[in-house]
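A quick write-up on the structure given underneath.
These numbers come from the heavy atoms of this one structure, side chains and all, not from hydrogens, waters or symmetry mates.
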Amino acid sequence: MSKKVLIVGGVAGGATAAARLRRLDESAEIVVFERTGYVSYANCGLPYYVGGVITDREDLTLQSPQSFRSRFNVDVRVHSEVTAIDRANKTVTVRDLAGGREYSESYDYLILSPGAKSVVPNTPGVDSGRILKLRTVEDALEMRRVVEEERPERAVVIGGGFIGLEAAENLAEAGVPVTMLLRGDQVLPPLDWDMACELHAELRGKGVDLRFRHSVESYEETESGVRVHVKDRESVDCSFVVLAVGVTPDSGLAERAGLALGPKKSIKVDANMRSSDPSIFAVGDAVAVTDPITGAEKLVALAGPANKQGRIAADNICGLNSEYKGTLGTTVIKVFDLTAACTGLNEKAARAAGLDYERIVGYWGNHAGYYPGAQNMTVKVLFLRDSGRVIGAQIVGRAGVDKRIDVFATAIRLGLTGADLAELELAYAPPYGSAKDPVNMCGFMIENVMARIGQCHWDEIDRYAAEGWTLLDVRNPGEFEKGHIEGAINIPLDSLRERIGELDKSKSYVVNCFSGMRSYVACCIMQGHGISCRNFSGGWRFYDLTKRGLADNAHHPCGEAR
């Protein structure tokens, strides 16, 4: 007997579920209800359409109702909102948004893929037509119209997450001056603050007016656009505002139906993507997922997990016992000429989980340095102190970032340690990588930290100095003169052995260089001579980046120190 499956919501999770259901069951009756006019579209491409990188609006549409019908024999109904679920009678109530009529539709199985909705704070004036969001194709079409037709003098972007950053970049690239207002002290919260500093410098270097510790109190329409009133700060005038302060599960339908809910009213599901009602499945941004490292529930709004969950829900409806194994939250983003990526836990999450972790910071080229065009990336890795198991990685650079973050994501999923990273056999040719890839180098560093050389981090140096440690800088004199940590003494690495007598064996030293590599060699020499020392993690470059980040925030006319 054929089954009837209703799917609420398209895009990644719902559209994938529909296609997978058809591939598994030719006889099933499949109906997809989509509230907007687009059932399967490239949500992540919307900012690039606004900026004109994607020029044709048709390129945003992956499948249309007609193509779904012709290829998969799926009945797709756009502009159709499911307003209620009658679990007892296994029916849903549908409102035709175009015609205004309401009707009921029965189901054997129901898949909820409502996604997430933009967070809209209850701020006075937020209902203005000049306050735009960027969540749907319709949102992108309107924002691009404003950019092309109105030639705005300035846009204010509220929020520094993925959508906020991509909107800021694309608006700026389209010639619109941009001011970014953030309540916190960094962009891209999945990154640690120290790794985000490079993005802050890039944004400001590209002309973005980046302002931290700014809480919007109200919006006031003016003749030329909007005046954004900020608590205890100067107001900002602009042509329009992009509101990008985050998303929240669009779970009202599930809540009204009495389904079990998780964090922030997300829909609670098991590993088969089945809700508390055995006939109802849920996938995508509206569901709670499990963190594979900590086992805790969390929310992750990403297209990759939504696609996998849609497939798994379809499998289980068709009798295949597929399970979802949780979400690490592996992400990558372009920010002008930089790429930032992360996977697993950051320091905030690791501390919240009560994990005893350590971190390493390295700086390497995306391919062999002797091959022209090598560009460096900053890599930060978190690992457990007792086992060396990798639990998180973050990378910021200009090339090669995506390749390495995918390796780290695989390593974390498989529970690999620093020693395992050191053993990975990764592709090498001068235009593509190095014989010792940055991933391997991170493994070596973790092994060294665990077995040989202790560390001091940039945010610990003041404490070490207060405790009487001496700072030794082993860079060349020219490098030292251009900038160094206050109070440091300078003995170049290549002179260290012959000048080792200048060091006092009764003292302990924090040793630094530019990136942490020469200072590690110096520490090996010093330990061989019985001198107590620690390597300065990330070196002068990382220290200077973070200190400049603090100074920029403190001295920026609308910023504040961390």
Do side-chain atoms of [X] reach the backbone of [Y] as a donor and acceptor pair under 3.5 angstrom?
| X | Y | answer |
| --- | --- | --- |
| S128 | V126 | no |
| H200 | E198 | no |
| Q186 | L191 | yes |
| S70 | S67 | yes |
| N346 | P190 | yes |
| S275 | I280 | yes |
| S239 | E153 | yes |

Should [X] and [Y] count as side-chain neighbours, where that means a heavy-atom distance under 4.5 Å?
| X | Y | result |
| --- | --- | --- |
| V236 | R211 | yes |
| D315 | L24 | yes |
| V269 | Y324 | no |
| K325 | P292 | no |
| L345 | Y357 | no |
| R389 | I293 | yes |
| C342 | T331 | yes |
| F162 | L302 | no |

Take D139 and K133 through the salt bridge (charged side-chain N to carboxylate O under 4.0 Å, His left out) test and state the conclusion after the steps.
CA-CA 6 Å; D139 293 337; K133 298 183 287 294; 5.9 Å; no
Between [Y] and [X], is the closest basic N to carboxylate O distance under 4.0 Å?
| X | Y | value |
| --- | --- | --- |
| D237 | R154 | no |
| K206 | D337 | yes |
| R145 | E150 | yes |
| D250 | R35 | yes |
| R398 | E202 | yes |
| K3 | D108 | no |

For the student: nearest non-hydrogen atoms of [X] and [Y], plus distance:
| X | Y | answer |
| --- | --- | --- |
| P263 | A288 | CD-CB, 3.8 Å |
| K117 | P249 | CE-O, 4.2 Å |
| A168 | V178 | O-CG2, 3.8 Å |
| A313 | I111 | CB-CD1, 4.4 Å |
| Y49 | I54 | CD1-O, 3.3 Å |
| A399 | Q375 | CB-NE2, 4.1 Å |

What's the separation between atom [atom1] in [X] and atom [atom2] in [Y], rounded to the nearest 0.5 Å?
| X | Y | atom1 | atom2 | answer |
| --- | --- | --- | --- | --- |
| R20 | I312 | CZ | CD1 | 10.0 Å |
| K380 | E347 | NZ | CD | 3.5 Å |
| T327 | D291 | OG1 | CG | 8.5 Å |
| C442 | L421 | SG | CG | 7.0 Å |
| N366 | M377 | CG | CE | 5.0 Å |
| L110 | L259 | CG | CG | 8.5 Å |

Let me see the working for C238 and V228 under side-chain contact (heavy atoms from CB on, under 4.5 Å), right down to the final yes or no.
CA-CA 8 Å; C238 62; V228 184; 4.2 Å; yes
Worked verdict on E81 versus R95 for salt bridge (charged side-chain N to carboxylate O under 4.0 Å, His left out):
CA-CA 5 Å; E81 181 178 14; R95 179 184 296 125; 3.6 Å; yes
Has [X] got more than 12 heavy atoms of other residues, nucleotides or ligands less than 6.0 Å from its [atom1]?
| X | atom1 | answer |
| --- | --- | --- |
| R351 | CZ | yes |
| R256 | CZ | yes |
| K265 | NZ | no |
| E138 | CD | yes |
| Y432 | OH | no |

Pair R404, D437 - check salt bridge (charged side-chain N to carboxylate O under 4.0 Å, His left out), show working.
CA-CA 9 Å; R404 274 72 186 200; D437 190 86; 2.8 Å; yes
When D75 is tested against each of R69, R22, K4 for salt bridge (Lys or Arg N to Asp or Glu O under 4.0 Å), which residue passes?
R69
Check whether NZ of the Lys or CZ of the Arg R130 lies under 6.0 Å from the centre of the six-membered ring of Y219 and within 45 degrees of that ring's axis.
no
